[in-house]
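Take a look at the structure set out below.
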Amino acid sequence: MNTIPPRPVDAVIASLREFLGERVSTTQAVREQHSRGEDQTPPTLPDAVAFVETTEEVSRALALCHQHGVPLVAFGAGTSLEGHVNPVRRGISLDLSRMTNILEVNAEDMDCLIEPGVTRQQLNDHLRDQGMFFPVDPGSHCTIGGMCATRASGTNAVRYGTIRENVLGLEVVLADGRVIHTGGRARKAANGYDLTRLLIGSEGTLGVITRVRLRLHGIPEAMSSAVCQFPDLAAAVNTVIVTMQSGIPVARIELLDADQVAACVKYSKLENLQPSPTLFLEFHGTPAAVKEQAEAVEAIAADHGGEGFAWATDAESRNKLWKARHDAYWAAINLIPGYRGITTDVCVPISHLAEAIVGSKQEALASGLTTCIVGHVGDGNFHQVILFDPNDAAGLEKAWELDRKIVARGLALGGTCSGEHGIGLGKREFLEVEHGAEALAVMRGIKQQFDPKGILNPGKMFRN
Ligand SMILES: Cc1cc2nc3c(=O)[nH]c(=O)nc-3n(C[C@H](O)[C@H](O)[C@H](O)COP(=O)(O)OP(=O)(O)OC[C@H]3O[C@@H](n4cnc5c(N)ncnc54)[C@H](O)[C@@H]3O)c2cc1C
């Protein structure tokens with residue numbers, strides 16, 4: 001009688017069960033939850049999902065996958081937008097969302113040590129009473145491990161930097177199970193290759209992050225938010241450019257085009273806003289500094305035809321505004337019932353921002369597709385959500401064509417295909433265009449050094 005030889009992945013699943021027990025799942029529902037992120041890729045079911053709780057468990061899981069040559073995809077909250085967590089070669093989805101301990105908070109040095117499954121919302125709830133906060137704020141409920149892996153940012157990056165500037169060090173499990181520590185608690189270090197920066201943005205292809213040491217910031221004495229509406233997109237973007245070039249230290253400066261404002265008014269029940277291009281702003285500092293910054297931006301906005309510059313210092317109005325901004329993606333995809341969205345992530349030098357945004361919107365109008373623009377424009381970064389009917393294959397192809405045109409325009413203006421979402425599956429075709437063949441070969445060499453058997457999130461970042 002012929003017997004089918006056991007698959008390597010079955011041996012891994014059996015060994016994982018020895019130390020994780022019921023925390024290894026092969027049920028259809030759990031595998032489906034780990035079959036893709038918030039992206040448009042066709043889902044792939046992993047062979048199993050392993051829920052880990054300690055560095056030691058991560059290390060043992062990786063050593064097993066390495067030994068048997070089985071793919072492993074780290075999974076945080078699955079909110080990534082470029083197919084990052086889709087286990088295209090199947091294998092094990094390693095879910096780190098239960099690693100939620102906040103291990104240290106050092107108020108004197110303003111740093112903390114956390115596990116990768118902690119979300120920024122959990123961390124900020126924990127820190128609030130101590131007068132500190134962690135500023136990097138993607139508009140999703142994602143994990144800080146996932147943010148490190150995608151080099152994420154958010155609305156505060158213009159003032160406080162992206163995750164890259166706010167991580168001091170990492171604990172990382174390598175492909176074969178070895179554990180390394182990078183960086184440290186010192187604010188400066190000129191001490192060899194910067195492995196922390198290399199691992200940030202590596203999208204789970206070089207190692208699994210099990211601890212993160214973060215910089216923290218003091219909660220500002222005063223904060224005020226403001227809203228200003230403009231007659232056209234160019235006027236709003238030019239206000240941003242002049243504000244940034246004037247060196248005004250805005251804490252947040254976010255652009256919403258007319259379609260996005262209409263979507264947010266409907267979804268988040270915002271009042272007193274017309275469907276026209278709008279800036280949401282926030283200022284941090286002493287009461288006098290906040291007033292001075294707001295008045296300076298108000299004057300720049302007025303020069304560009306901005307109207308109804310409205311301030312709010314009370315927490316309730318500010319929170320409502322920023323909740324609406326964080327929900328902008330959901331507002332956009334709810335604009336047309338049944339539609340879904342492809343999200344671009346172009347980032348250009350600030351002097352080319354008007355050309356990039358106005359040109360991309362014109363391109364969208366010419367295509368006949370509905371798009372909503374929302375952007376961290378102080379950094380030159382904007383997202384154009386392209387709406388499409390999932391039941392219309394030709395419409396979807398048209399949406400991808402528009403996506404490629406928007407990226408090509410951004411690259412031609414000296415920008416990048418991704419300011420913060422990362423490469424995953426969706427942006428692999430642009431990597432060589434941006435960096436050139438030689439730089440890409442160096443990146444492949446690094447991958448080979450960290451992960452010689454190619455088990456870590458295979459198929460991502462590079463087309464193999
Ligand atoms: C509505 C919405 C708004 C968003 N807004 C923003 C935004 O403003 N700014 C922004 O930057 N992004 C934004 N995103 C994208 C997304 O939230 C970020 O990319 C986020 O950092 C992903 O974190 P996650 O925990 O969901 O990671 P996942 O999606 O689970 O994983 C993302 C990648 O990181 C890897 N990974 C996860 N955890 C680890 C780990 N511990 N060690 C090693 N690798 C790991 C995975 O393998 C994968 O490659 C948004 C997404 C949505 C849906």
Side-chain angles (χ1 to χ4, degrees), residues 33-34 36-41 46 49 52 55 58 62 71-88 91-100 114-121 136-157 162-164 170-175 199-212 252 254 267 322 325-334 340-341 343 345 347 374-376 379 381-383 385 418-427 450-451 456-461:
Q33 283 159 10
H34 293 75
R36 73 166 179 205
E38 290 291 343
D39 52 73
Q40 306 306 331
T41 56
V49 180
V52 280
T55 301
V58 175
L62 277 159
L72 178 144
V73 181
F75 190 101
T79 67
S80 46
L81 293 164
E82 295 293 350
H84 293 83
V85 291
N86 188 323
V88 283
I92 306 298
S93 180
L94 192 79
D95 189 311
L96 295 126
S97 63
R98 296 185 185 180
M99 293 182 70
T100 54
I114 59 152
E115 290 184 336
V118 174
T119 65
R120 71 167 169 96
Q121 291 90 344
V136 188
D137 65 332
S140 59
H141 281 272
C142 55
T143 66
I144 290 176
M147 288 167 63
C148 291
T150 54
R151 207 183 293 138
S153 58
T155 63
N156 284 310
T162 71
I163 191 87
R164 184 180 59 183
L170 298 171
E171 178 183 85
V172 177
V173 181
L174 300 178
L199 286 152
I200 288 185
S202 63
E203 303 187 358
T205 64
L206 300 181
V208 176
I209 298 163
T210 45
R211 286 188 179 190
V212 187
R252 291 166 153 171
E254 297 281 311
Y267 186 85
W322 294 110
R325 165 57 191 92
H326 280 131
D327 286 344
Y329 172 76
W330 306 116
I333 59 172
N334 276 283
R340 300 184 69 170
T343 309
D345 184 28
C347 187
V374 60
H376 314 304
D379 298 317
N381 187 200
F382 66 98
H383 308 304
V385 182
S418 179
E420 57 181 20
H421 294 164
I423 300 299
L425 294 170
K427 299 241 177 313
F450 271 80
D451 180 20
L456 288 176
N457 208 0
K460 310 300 163 58
M461 194 92 77

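Ligands are counted one by one from 1 in listed order, and the atoms in each one are counted from 1 as well. Computed over heavy atoms, backbone and side chain alike; hydrogens, waters and symmetry mates excluded.
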Which protein heavy atom lies closest to [atom], and at what distance to 0.1 Å?
atom	value
atom 35 (C) of ligand 1	Ala149 CB, 3.5 Å
atom 37 (C) of ligand 1	Gly146 CA, 3.6 Å
atom 3 (C) of ligand 1	Gly139 O, 3.1 Å
atom 31 (O) of ligand 1	Val85 CG1, 3.4 Å

Quick one: [atom1] on [X] to [atom2] on [Y], what's the gap to the nearest 0.5 Å?
X	Y	atom1	atom2	value
Glu420	Ser418	CD	OG	7.5 Å
Cys148	Ile200	SG	CD1	5.0 Å
Asp39	Thr79	CG	OG1	10.0 Å

So which bit of [X] gets within less than 4.0 Å of ligand 1, heavy atoms only: side chain, backbone, both or neither?
X	result
Thr79	both
Pro116	side chain
His376	side chain
His84	both
Leu96	side chain
Ser202	neither

Distance under 4.0 Å to a non-hydrogen atom of [X]: what atoms of ligand 1 satisfy this?
X	value
Ala152	11 (O), 21 (O)
Trp330	1 (C)
Asn457	47 (O), 49 (O)
Thr150	19 (O), 20 (C), 21 (O), 32 (C), 33 (C)
Glu203	47 (O), 49 (O)
Tyr329	1 (C)
Gly207	43 (C)
His421	10 (C), 12 (N), 13 (C)

Checklist entry - Taking the side chain as C-beta and beyond, is there a heavy-atom pair between Pro87 and Val73 under 4.5 Å? => result yes
Checklist entry - Considering only heavy atoms from C-beta outward, does the side chain of Thr150 approach that of Glu82 to under 4.5 Å? => result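 No, every pair of side-chain atoms sits at 4.5 Å or beyond.
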Is there any N or O on [X] that sits under 3.5 Å from an N or O of ligand 1?
X	result
Glu38	no
Gly78	yes
Gly76	yes
His326	no
Asp137	no
Ser153	yes
Cys142	no
Ser80	yes
Val208	no

Checklist entry - Which residues satisfy the ring pair (Phe, Tyr, Trp, His ring centres under 6.0 Å) test with Phe75, sequence neighbours excluded? => result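 For Phe75 the ring pair (Phe, Tyr, Trp, His ring centres under 6.0 Å) partners, ignoring immediate neighbours, are His34.
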Item to check | Test ring pair (Phe, Tyr, Trp, His ring centres under 6.0 Å) applied to His421 - qualifying residues, sequence neighbours left out | outcome: His383
Item to check | Closest candidate by heavy atom, reference atom 50 (C) of ligand 1, pool Val58, Leu81, Val73 | outcome: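 Nearest option to atom 50 (C) of ligand 1, by heavy atoms: Leu81.
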Next on the checklist: Given Ser97, Gly204, Ala74, identify the one with the heavy atom nearest to atom 47 (O) of ligand 1.
Outcome noted: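 The residue whose heavy atom sits nearest atom 47 (O) of ligand 1 is Ala74.
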Item to check | Shortest non-hydrogen contact from Gly419 toward Cys347 | outcome: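 Nearest pair, atom of Gly419 first, then Cys347: CA-CB, 3.8 Å.
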Next on the checklist: Check contact between Gly37 and ligand 1, using heavy atoms of the residue and a distance below 4.0 angstrom.
Outcome noted: no
Checklist entry - Could a heavy atom of Gly117 be found less than 4.0 Å from some atom of ligand 1? => result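 Under 4.0 Å: no for Gly117.
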Checklist entry - Does the salt bridge (charged side-chain N to carboxylate O under 4.0 Å, His left out) test come out yes or no for Lys460 and Glu203, once each step is laid out? => result CA-CA 8 Å; Lys460 310 300 163 58; Glu203 303 187 358; over 6 Å; no
Item to check | side chain to side chain donor-acceptor pair (under 3.5 Å), paired with Asp137, selected from Arg252, Arg325, Gln121 | outcome: Arg252
